[in-house]
Amino acid sequence: ADSGNDGGGNGDASAPITLGTTDKVTSLDPAGSYDNGSFMVMNQIYPFLLNSEPGSPDPSMSLAESAEFTTPTEYTVKLKSGLKWANGHDLDSKDVKFTFDRQLKIADPNGPSSLLGNVESIEAPDATTVVFKLKVANDQTFPQVLTSPVGPIVDDEVFSADKVMDDQEIVEAKAFGGQYVIDSYNKNNLISFSANESYQGVLGPAANDKAAIKYYADANNLKLEVQEGKIDVAWRSLTPTDIEDLGKDENLVVHKGPGGELRYIVFNFDSMPYGAKTDDADEAKSLAVRQAAAHLVDREAIAKNVYKDTYTPAYSYVPQGFTGAIEPLKDLYGTDGKPDATKAKKVLEDAGVETPVKLALQYNPDHYGPNSGDEYALVEKQLEADGLFVVDLKSTEWVTYQKQRVSDYPAYQLGWFPDYSDADNYLSPFFAKDNFLSNNYDNPEVDKLISEQRGMTDAAERTKAIEELQTMVAEDLSTLPLLQGAQVAIAGKDVKDVDKTLDASFKFRLGVLSK
Amino acid sequence: MTNSPVLNPAANAGTPEVLRVEDLNIDFVTDAGAVPAVRGVDLQVKTGEILAIVGESGSGKSVTARTALGILAENGASRGGVYLKGKNMLTLRGHELREARGRDVAMVFQEPSTALNPVYTVGWQIMEGIRAHNKISKKEAKARAIEAMRQVGIPDPEQRVDYYPHQFSGGQKQRVVIAAALALKPELIVADEPTTALDVTVQAEILQLLRDLRDELGTAIVIITHNMGVVADIADRVIVMNQGQIVEQAPVIQLFEAPQEDYTKSLLAAVPHLGRESASEGLAERPHQDAEVLVEAAGLKVHFPGRLGAPGFTAVNEVDLKIHVGEVYGLVGESGSGKTTIGRSIAGLNRITGGSLKVLGYEMAQFKERTFKPLREQIGFVFQDPAASFNPHLTVGECVAEPLAVHRDLNPPQTRAKVAELLESVQLPAGFANRYPHELSGGQRQRASLARALALEPKLLIADEPTSALDVSVQAKVLELFRELQAELGFAALFVSHDLAVVDQLATWVGVLFRGSLLEEGLGSKVLANPMHEYTQRLIASLPVPDPREQAQRRKLIERLNGS
Amino acid sequence: MTITSPPGQEASPLATPKPAKQKGGGFLRYLITRFLLIIPTVFILITVVFFLMRVTGDPITAALGGRLTPDQLAQRIHEAGYDRPILIQYFEYLGQIVTGDLGRTMSDNRAVTEVLATYGAATLELAINAVIVALLVGIPLGLVAAKFRDRYPDAVLRILAILSYATPVFFAGLLLKLVFGVWLGWLPISGRADWQTELELTGLQSPSGIYWLDALRSGNMEAFANVTEHAILPALALGLLTGGVFLRLVRTNAIGTLGREYVEAGRSRGVSEYRLTTKHAYRPALIPIITVMGLQIAMLLGGAVLTETTFEWSGLGFKLAEYLTARDFVAVQGIVVLLAIIVAVTNFIVDVLAALIDPRVRY
Amino acid sequence: MSTATLPTSNKSWLDRLPVISHLRMSSGLQRGMLIAGLTLSGLFIITALFAPLIAPFDFAQSSDASGDFPRQAAPDSKFIWGTTATGYDVFSRTLFGAQTAIWVILAAVVMSLFLGVLLGLVSGYLGGWFDRIAVVLSDAIYAFPSLLLAIVMSIVISQGQSSLFGGVMAAAISITVVFIPQYFRVVRAEVMRLKAEPFVESAQVIGASPWRVMFAHLLRNATRTLPLIFTLNATEALLTLAGLGFLGFGIEPTSASEWGYDLNRAMSDATSGIWWTGLFPGLAIVLTVMGLTLVGESMNDLNDPRLRRFSRKKAKRITQSGQVGASK
Ligand SMILES: Nc1ncnc2c1ncn2[C@@H]1O[C@H](COP(=O)(O)OP(=O)(O)OP(=O)(O)O)[C@@H](O)[C@H]1O
Ligand SMILES: Nc1ncnc2c1ncn2[C@@H]1O[C@H](COP(=O)(O)OP(=O)(O)OP(=O)(O)O)[C@@H](O)[C@H]1O
Ligand SMILES: [Mg+2]
Ligand SMILES: [Mg+2]
Ligand code: NI
């Protein structure tokens, strides 16, 4: 197999693009994985009904010719006609129905089927029509769901209806319908792609004929290889030091885009100081403690010192760049986004809280990157700086962390990466009743507004509701947002259009890159 | 060949000398400081002469002899001159030294098993020396190796040349070592205790071989030994060493018949002589035979299973014997004949695998440590190597008190008193109780060991070669003590030894063991003077006596036996 | 260690022993007995790891990104069957293993057997390279050190050996990477080949997975050069570590044998010192050395985890560390089973080898 | 070795202490190596003991009265070995790393010593099915790559918790489990050998109970070589700890300073030209392990008469100076 690697050839579209990453693939089967690494590859090889064009987070028609609510609980998608899979099979509504039925049936523990929680059933009345019957009416997030990890459409003649497929089987059956097909697949080591002639989606034909993804376990090696020009683009999880260093390299360009990742401290309303289940339970005092903490944290310092600005300060529950995102915490706490010890002291005094407040804080060292330790060491310092808090900082490994966080930790670190690019994905999982945080936060007004906004068909009205929600939660401080992640890709100078794909859809599209 | 050593022409003056040592001094540096090993030694060896160097352990025999090859341990330093055919081996270096080694002088070691490299064939090892000195082809070298092996009397040398050392018996290994030494026809062979590791019967053969070599090739031999019998058997001239110095030098007959120095006299006096001082002298029948039987073996069998599927080994086979109260039973036999195994079986250290063995009425076939334990206080045990039988971390007093601690309930002062009493009974000062075992000499340790064995006043004592690790002079004293104590306390004893003379001195009733079977039993004086079994005859004939004239007679006897 | 000849017929005057060739039917028996000993070792390790891994938590919690409520989590664990009695799971697993089915990994959904085949080849390649380096370094230098013991060559070699042992693979790796990769730019610092080469080699007909072998077979010398370039640093890092250990081992044993009487006997025959070292001392020293080297295979595999991680050598050790982090116990157990078998088989081979080299061993 | 070298007990107790007696009997290069080893090890121990006094800052301190520490600052007069990406002082962290290391080493080696010796003694002396099981088990564990075992153990034990004590104990226990078989094997082999020694048999024929034989007679004799294994295992413990830290299964930076972890974090620094964050912890590991190994190896050589060495020069000097006659 002679890839077009014979040097020279600059400027011609067939120069292969190599992407290096540390994000591993769990499974190529959309039913079997729910993580960034797998989804990144799926984005290259599977078609979506709706997908976001480079540069925009909003869904546009891809396989779909049209998609809309035909009744409040029926979302009807019309497919383009004459669609084909790379292996020559027809791509029609049967494939679509099969795809989603299969997700629901398999419901693999590692899979994203939970995103289809609102789907009652799927019907395919004819070859180009698919009707999604929904449980909740007018779900404005549903189009986004179709672009999410649960959205890749698979070939019903290849995939099994009730079992997660082996990657190799998928590759051998050429069951691809995205911009690319996989030529050779060496799991979590090397994947090589070539453009899919039969792709008719919104992304258009790939800007290069061939591409490859090389996997690294250690970001440091990734960094060295991009520096040496062995790969063209390095994507994600470089350490701040690496990024800074690579920025100095004149052959490389650091590309930054908005990030959907949010990092915050979660408070458990039962067990935090003065929490509902503590001996000296007092709602007002407990609120004061959270507020004082909000007054004291210096996000800019963390972003700059620990992350060298690869993260930005977050003053909101919805990351900047999303429709409806505002920064309520900037106004409510500290002064101009800076910490303010006097305010913190006052709020504690007013509530009659004895200082210093003892706070047990947990973070996780192995899931959110190696800098978590540094980050929380700094948070500890900031909280303790003025003698208002005494922090008992501990770390726990991910598996135990996940089991214990709900029951055992009064306050702890958590990060969130969205399933799809809608502000709702930052609100309902956290602040609706019985959310996955299980931190005993319960504000009926918030709960009500959350379920209402999902059904608001008027975009402006919905944006307002989202803004209002952010302010309400900022007052309650169920969680304390600290940082928002940026997307960083390092590419050789000769690589074009990297910035195009670094948008708020958080989808890395190999197809836009070229040399 | 019947020429007597006295008549050996080589002993006369006028023949050229091969080796001359002048004012040799050797010192070693050790942890404890410097050790003077050799002091002002002068000696000569002439062509065709057999010179024996005798002396007690540590007297500097080996160190002196090795300088003839220019071999000295790293931590040693020498002064003086060792002239081998005129070259000073102390100052010779590199190539010249290698030239001399092997060609002019060769060495035969004490332990043939360690002197041969286990992973190469014997032929390879013999050839190596040949090829180191001669530029000849492999084939030629092999032919010469085979020739050398034939010369030392190894059957089928053509095949055996490709055997590995472990495929030879101990005596054959020693022959191979001698063959390797002979291969280059050196003028001097240094043999450092070449027979000590061998059984007497084999020893006789090796000594005969050395003598033949001298006679046929005219090779000069320096033989180191502490066995006066060997000296009497083979030497032309004798050097007696003590504490690094030469005490006396004389032709062999003169030395034995008219020793000049006190040290030599005492040394000779201590050597046990077969047939003299027999314990059963004048007895006609077995004493104590009506007394109570303490140990009774009937068809006793001990079999050791093999490892990893290898066949096992029957060490004791169908042995019947009885030991009566107050009797000393002597057990002799060559190495590996099962003597120790019988002793250990009686003490419950070995399981028996067949037949019956009653010890103080207890059937050992149904041995259980718990039920046997009460009987243990009536059995004492003296081990061969006194150094190893004491726990190095306990004082002698603690060691001797050990049986008391286990079986008697004494308070510390009582124990101390008892220990002092015991030490006194073996003629050791009470102060020795506070010393550690290694701070005692070998003889003192064996006395302490005896004290421990007798602490509970046992009815039965098992002594497994209690003196074979000791020098003759020390051995004589320990044996004397043993005899006195036995007479005084009247315990019965199983006395195991491979030294017939020693057994005869102590035991009235003697059993001869051969490959696990008891060949014959009887009064010591009878068995040794008038052996019934052919094996016993050979055994006794092979034992060299420390008297050159008598030994010359005995050698004729052995030749006759061999001829038959 | 004292090698004493086994007890047996010693000299006897009445009959000359018949030394016969000892090898024969007994050897097969020895082989089989020794081979059967592999089974308990492997079985024990499987069992130990099985239970240890179950204590560490379940893979489902580990895999999910903190998006589920505790109830949902419990539900999913239940569905996957990880809340059943552990003994039932254990016997189920044993039954599976016996049929040669090691299951599928939980964290990336692959057949464990496939994982073993793919990454096992890489580890094998690394181990072979490292052992070659180690032998080339360890044995000659060890003999030199023994010969010159306590003189300067020895002191220098020993310090170097200790240094190589004292430097953790990852630190050595870091230094090697910095010097040869970053500063000098001579050698690649990670992976087993450039991605283009790798693509080509994996695309071959029935690849062996050992890249230099595949490159040679394909006849592509460029690929071979590329593969070799990549192999150098990892082989050095791991090989030098092991080589240092070998050096010390050879030195100690050679000194031991140099002090033996048969060496003295050789010397007394006028054999040269060079020959005494290389022939007399070396061969007998080899027996304990081989035995201990067999045990070193475990150390080598341990070192391989760190080496593979440092140099991104996608072998078993590298994968193992990853799967451990993911608490993917199906994968971990599979790898452990293989490692256990490798270790047990190596020790078996070593024992047999030692027995073959040592003429004294009778079967 | 089959002949025991007996301690010369007429010397003062000081001279009989393992290391000191070794130092006295060494000479030449061997002595040089022993002294170098002792110096390095001594440095390590002193650093560990007095880290809080010597170190200018705490191991997790990133600011002082004059403000936040610079990040990744090159060595200068205030931060003599520079600072890390978190602003910790490399010098202080390296010093405190010695403290962590020594805790882990001590805990691990002492625990494995205790258990391993006990098991080896009982198993070797009593034999039987217990012995057989213990041997197979320990062989299996011994044969398995120790680092991997330690990783698994550390996950099991710590369950991911990071407190100082928890972290240190988890590391220590993981290492303990790996080491027990080593002590077990050594002691058991020694016991098996000693069991056949006449002094043990002489206790048996006297009728001493198994417990008495084991603890009064065998224990002291069987543990003769342990100081040696102790030092060698200490190095292995240290390397295992560093390996754990490097792979991220070790102790968190805010609970204690650990060299392996620091090295891991320094990997990306090093490739960015920031050499000081990795070099010093790396060197600390190398030097400490070297020191301990040198001590262990020298002791090994000196314990084994075959390996012990006196120079011919020294012998010459002594003979020539004629002081021989004087010494006893
Ligand atoms: N390498 C050495 N280092 C220290 N001392 C030594 C060394 N070799 C010999 N000696 C000492 O030199 C003295 C003479 O030793 P040598 O071996 O010559 O005795 P020997 O007469 O042959 O005794 P044996 O009959 O026991 O063989 C002894 O005290 C011995 O301890
Ligand atoms: N534990 C054992 N396992 C296997 N064979 C053994 C064992 N103990 C002794 N033997 C063998 O049994 C035979 C008799 O041994 P024993 O020790 O009784 O001989 P011995 O007559 O005391 O010899 P020596 O004079 O050399 O002490 C020997 O061949 C020996 O190798
Ligand atoms: Mg001697
Ligand atoms: Mg015996
Ligand atoms: Ni030994």
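Residue numbers start from 1 in every chain, and the chains themselves are labelled A, B, ... in the order their sequence lines are given, proteins ahead of strands.
Residue with the most contacts toward chain C among B:V177, B:T114, B:N117, B:V190: B:N117 (heavy-atom pairs, distance under 4.5 Å).
For a residue to count as touching a neighbouring chain, one of its non-hydrogen atoms must lie under 4.5 Å from one of that chain's; by this rule B:V105 touches chain C with the backbone only. Heavy atoms of B:Q125 lying under 4.5 Å from chain C belong to its backbone as well as its side chain. For chain C, the nearby parts of B:E111 are the backbone and the side chain; heavy atoms of each come within less than 4.5 Å.
Pairs engaging residues 336-345 of chain C under the side-chain hydrogen bond (donor to acceptor under 3.5 Å, both in side chains) rule: none recorded [sequence neighbours left out].
If you take OH on C:Y262 and CZ on B:F109, they are separated by 13.0 Å, rounding to the nearest 0.5 Å. For the atom pair B:R98 CZ and C:R275 CZ, the distance stands at 12.0 Å (nearest 0.5 Å).
With sequence neighbours left out, C:R158 forms a salt bridge (charged side-chain N to carboxylate O under 4.0 Å, His left out) with D:E297, D:D301.
Summarising the geometry of C:A265 relative to B:A115, their closest heavy-atom pair is CB-O, 3.5 Å, with the distance given to 0.1 Å. Nearest heavy atom pair, residue B:L69 against residue C:S268, reads CD2-CB, 3.5 Å.
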Exercise for the section: Report the C-alpha distance between C:E264 and B:R66 in whole Å, list the side-chain angles of each, state the deciding distance to 0.1 Å, and finish with yes or no for side chain to side chain contact (heavy atoms under 4.5 Å, CB included). Expected result: CA-CA 11 Å; C:E264 187 102 311; B:R66 280 172 190 231; 2.8 Å; yes
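Residue B:E158 places its CD atom among more than 12 non-hydrogen atoms of other residues, nucleotides or ligands, all under 6.0 Å distant.
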